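A quick write-up on the structure given underneath.
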Amino acid sequence: MGNGRPRTENTELQRLLEERTADLQRVKAEYDNYRKRVRRDRLAVREAAVANVLTALLPVLDAVDRACEHEPMTPGLKDITGTLETRLATLGMQEVGKEGERFDPTRHEAVTHHLDTTARHLTCTKVLRPGYRLGDRLLRPAYVEVTGPPPADGQPGSRARNEPRVAGSQFEGRNVPALHR
């Protein structure tokens with residue numbers, strides 16, 4: 001009987017040790033998942049905050065672009081422009097919309113559509129106001145003039161899936177400056 005008891009205690013202790021080890025591993029895995037989730041959430045909050053700040057700064061960037069376009073480039077204006085562009089690029093902001101690129105309704109908003117029956121696809125022919133993105137997030141679409149084929153069914157008021165959305169009342173009666181760098 002003396003031999004059976006220690007073996008039973010050893011078996012019981014071994015079982016308890018395995019249970020506690022499994023519990024500890026489970027708690028450790030939960031904690032690791034928690035840390036990853038918190039890190040992911042912090043990054044998402046940071047990205048949203050940066051996007052909100054950059055979106056709020058777009059009118060400032062537009063004003064600097066207009067000043068550069070209509071005023072002589074003084075050393076102070078050149079310094080402000082360079083610093084602003086460098087800082088915004090450091091935060092990850094990138095310009096969207098270049099003349100000559102293919103029209104993409106997810107990144108561009110067409111203000112004017114010029115017909116060209118020889119064209120195979122819509123092309124941005126003039127950037128009226130650049131758009132901006134932060135990573136995959138579009139902060140503002142580029143306002144562009146496009147040139148390309150007429151709508152697929154030939155009706156002037158209809159649009160195919162990838163044809164431009166033309167901004168209407170937003171620009172009626174207003175002079176939209178071309179904001180180029």
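Fair warning: this is a prediction, and the values are worked out from it, not measured in the lab.
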Q | In one Ile/Leu/Val/Met/Phe/Trp/Tyr side-chain cluster, 4.5 Å: Leu57, Leu134 | A | yes

(Q) Quick one, Thr112 and Lys126 - any side-chain contact, counting heavy atoms below 4.5 Å? (A) no

Q) Nearest heavy-atom pair of Leu122 and His113: which atoms, and what distance? A) CD2-NE2, 3.4 Å

Q. Less than 4.0 Å between a side-chain N and a carboxylate O, is that true for Asp41 and Arg37?
A. no

Q) Heavy atoms, side chains only, cut-off 4.5 Å: are Arg107 and Glu101 in contact? A) yes

Q: Find out if a path of hydrophobic residues (ILVMFWY) with successive side-chain heavy-atom gaps under 4.5 Å connects Tyr31 to Val38.
A: yes

Q: Before giving the answer on side-chain contact (heavy atoms from CB on, under 4.5 Å), spell out for Leu84 and Leu61 the whole-Å C-alpha distance, their side-chain angles and the decisive distance to 0.1 Å.
A: CA-CA 8 Å; Leu84 185 59; Leu61 187 58; 3.7 Å; yes

Q: Quick one: list whatever passes side-chain contact (heavy atoms from CB on, under 4.5 Å) with Arg120, sequence neighbours left out.
A: none

**Q.** Heavy-atom side-chain proximity of Arg129 to Asp62 below 4.5 angstrom
**A.** yes

Q. Side chains of Cys68 and Leu77: does their closest heavy-atom pair fall under 4.5 Å?
A. yes

Q: Return the minimal non-hydrogen interatomic distance between Pro141 and His108, and the atom names on each side.
A: CB-C, 4.3 Å

Q: Flag yes if Leu91 and Val53 sit in one hydrophobic cluster, no otherwise; membership is Ile, Leu, Val, Met, Phe, Trp, Tyr, and two members link when side-chain heavy atoms are under 4.5 Å apart.
A: yes

Q) Of the non-hydrogen atoms in Gly148 and Ala119, which two are nearest, and what is the gap between them? A) CA-CB, 3.8 Å

**Q.** Heavy-atom side-chain proximity of Asp116 to Pro150 below 4.5 angstrom
**A.** no

Q.
Within the 4.5 Å heavy-atom criterion, are Leu88 and Tyr132 side-chain neighbours or not?
A. no

Q: Can you sort out the partners of Arg15 under side-chain contact (heavy atoms from CB on, under 4.5 Å), two or more places apart, ordered by chain and number?
A: Glu12, Glu19

**Q.** Verdict with reasoning, Glu85 to Val64, per side-chain contact (heavy atoms from CB on, under 4.5 Å)
**A.** CA-CA 10 Å; Glu85 288 175 351; Val64 170; over 6 Å; no

Q | Minimum heavy-atom distance Gly97-Ala142, with the two atoms named | A | CA-CB, 3.9 Å

Q) Just by distance, do the side chain of Asp79 and the backbone of Pro75 share a donor-acceptor pair under 3.5 Å? A) no

Q: Report the distance from atom CD of Glu18 to atom CD of Gln14, rounding to the nearest 0.5 Å.
A: 4.5 Å

**Q.** Taking every non-hydrogen atom, the tightest pair across Phe103 and Cys124
**A.** CA-SG, 4.0 Å

(Q) Ignoring hydrogens, what is the shortest heavy-atom contact between Gly82 and Thr86? Give both atom names and the distance. (A) O-OG1, 2.8 Å

Q) Can you tell me how far the CD atom of Glu109 sits from the CG atom of Leu128, to the nearest 0.5 Å? A) 11.0 Å

Q: Take Asp32 and Lys28 through the test salt bridge (charged side-chain N to carboxylate O under 4.0 Å, His left out) and record every step on the way to the result.
A: CA-CA 6 Å; Asp32 288 343; Lys28 182 184 179 306; 3.0 Å; yes

Q. Knowing that exactly one of Arg133, Arg140, Arg137, Met93 qualifies, which makes a side chain to side chain contact (heavy atoms under 4.5 Å, CB included) with Leu54?
A. Met93

Q | Hydrophobic cluster identity match, Leu58 and Val50, side-chain contacts under 4.5 Å | A | yes

Q.
With a 4.5 Å cut-off on side-chain heavy-atom distances among I, L, V, M, F, W and Y, is there a chain of contacts connecting Leu139 to Val60?
A. yes

